[in-house]
There are 2 protein chains.
Amino acid sequence: MLKISELAGRIGLSTHTIRFYEKHGLIEASERSESGYRLYSAADVNRAAFVKTARNIGFSLEDIAQLLSIRLDRSSHSCQEVTDITRNKLHEVSRKMAELKAMQKVLSRLLDNCDGGLEKATHCSILEVLDNGGLAATGGVN
Amino acid sequence: MLKISELAGRIGLSTHTIRFYEKHGLIEASERSESGYRLYSAADVNRAAFVKTARNIGFSLEDIAQLLSIRLDRSSHSCQEVTDITRNKLHEVSRKMAELKAMQKVLSRLLDNCDGGLEKATHCSILEVLDNGGLAATGGVN
DNA sequence: GTTGACCTTAGAGTTACCTCTAAGCTTATA
DNA sequence: TATAAGCTTAGAGGTAACTCTAAGGTCAAC
Ligand SMILES: [Zn+2]
Ligand SMILES: [Zn+2]
Ligand SMILES: [Zn+2]
Ligand SMILES: [Zn+2]
């Protein structure tokens, strides 16, 4: 049985975060010492590691809560439930990627059109674009 | 002079958001009516549109505050200051893109390895990966 | 002259995920 | 036996960008 700071060191989370995850139902200490200290079993450690891994991959705490409830009773759940969560996450990631790609494109164009020199910004093309509502049909560099 | 809801309709922000932006120094109403209503001049509208455009591109409110202070007195600032803000944003976006790409890759691999069927999740490969600390050197599909 | 849309303010609530503090036990070390 | 490190709890604070509410004043129309 590990104490909280031992668990923290083992899986790479702070004790604060572990208590926070506990409050949100993700991690449990299956026992307490006489003085009330949290004590983690091997199964608890595995569960915590599962949470950490899922978090590293990018699942939200809510996703992880769902995955955990499946993990807890695998035979009452199907692979489909797991892939649904995973696919939703993938879609979310793809959506964000598309947003970022658009931003990247606009920012690059803005930088292409401004020399970035030390002269006064009186006629700065970036400020002009921002004043004119964005990169209109008249593509800058292209 | 426009009232707040007219400005809102004009530039595509809610009145709530406009007041929120005002509280954060991004938008101003240069006048008030006798009864205290905000009244926006053409210059105010342009400023608000600038904010909206910058926000659409993805600049943070803090970035926009800086851009606005440059815009307000262009001759006291250089193009470099503008490109610094823009370049920093571009780097931030690129960093986030890299993160998302990594997530995308892992999620795709997870999905490749699980059939997603309706059978019990007893041996679900996704749960196994999560239990085993992630996609180790043993690349799944590849 | 009253309905109803619109305006005002301060301030609370939301989402996601922590991060920290205070006040007070417990345990290990010197 | 002290001293420090570590543990407990409830609850506050922080970030970003909103979003909404309450309680009330204003304005145009019918
Ligand atoms: Zn399966
Ligand atoms: Zn410039
Ligand atoms: Zn320049
Ligand atoms: Zn599966």
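Just so we're on the same page: letters track the sequence lines, and every chain starts at 1.
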What is the first contacted nucleotide of DNA chain C and what is the last, in 5' to 3' order, if contact means an atom lying under 4.0 angstrom from a heavy atom of chain A?
C:dC17 to C:dT27

Side chain to side chain, [X] and [Y], heavy atoms closer than 4.5 Å:
{"X": "B:Lys120", "Y": "A:Ser78", "answer": "no"}
{"X": "A:Leu72", "Y": "A:Arg47", "answer": "yes"}
{"X": "B:Met1", "Y": "B:Ser30", "answer": "yes"}

Nucleic acid contacts - residues 11-24 of chain B versus DNA chain D, non-hydrogen atoms under 4.0 Å:
B:His16, B:Thr17, B:Phe20, B:Tyr21

Residues of residues 54-70 of chain B with any non-hydrogen atom less than 4.0 angstrom from an atom of DNA chain D: list those, numerically ordered, please.
B:Arg55, B:Ser60, B:Leu61

Can you find a side-chain donor-acceptor pair between A:Thr17 and A:Ser14 that sits under 3.5 Å?
yes

Please tell me whether B:Leu135 and A:Val93 are part of a single hydrophobic cluster in this structure, the criterion being side-chain heavy atoms less than 4.5 Å apart.
yes

On the ring face of A:Tyr37, is A:Arg32 found with NZ or CZ under 6.0 Å from the centre and within 45° of the axis?
no

Do the charged groups of A:Arg74 and B:Asp131 touch, with an N to O distance under 4.0 Å?
yes

Charged N-O contact under 4.0 Å between A:Lys89 and A:Glu92
yes

I want to confirm an ordering. Mapping A:Tyr37 and B:Ser33 to their closest nucleotides on DNA chain D, which one lands closer to the 5' end?
A:Tyr37

Taking the six-membered ring for Trp, are B:His24 and B:Phe20 closer than 6.0 Å centroid to centroid?
yes

Can you tell me how far the NZ atom of A:Lys96 sits from the NZ atom of A:Lys101, to the nearest 0.5 Å?
15.5 Å

Reckon A:Ser5 has a side-chain N or O less than 4.0 Å from the OP1 or OP2 of D:dA5?
no

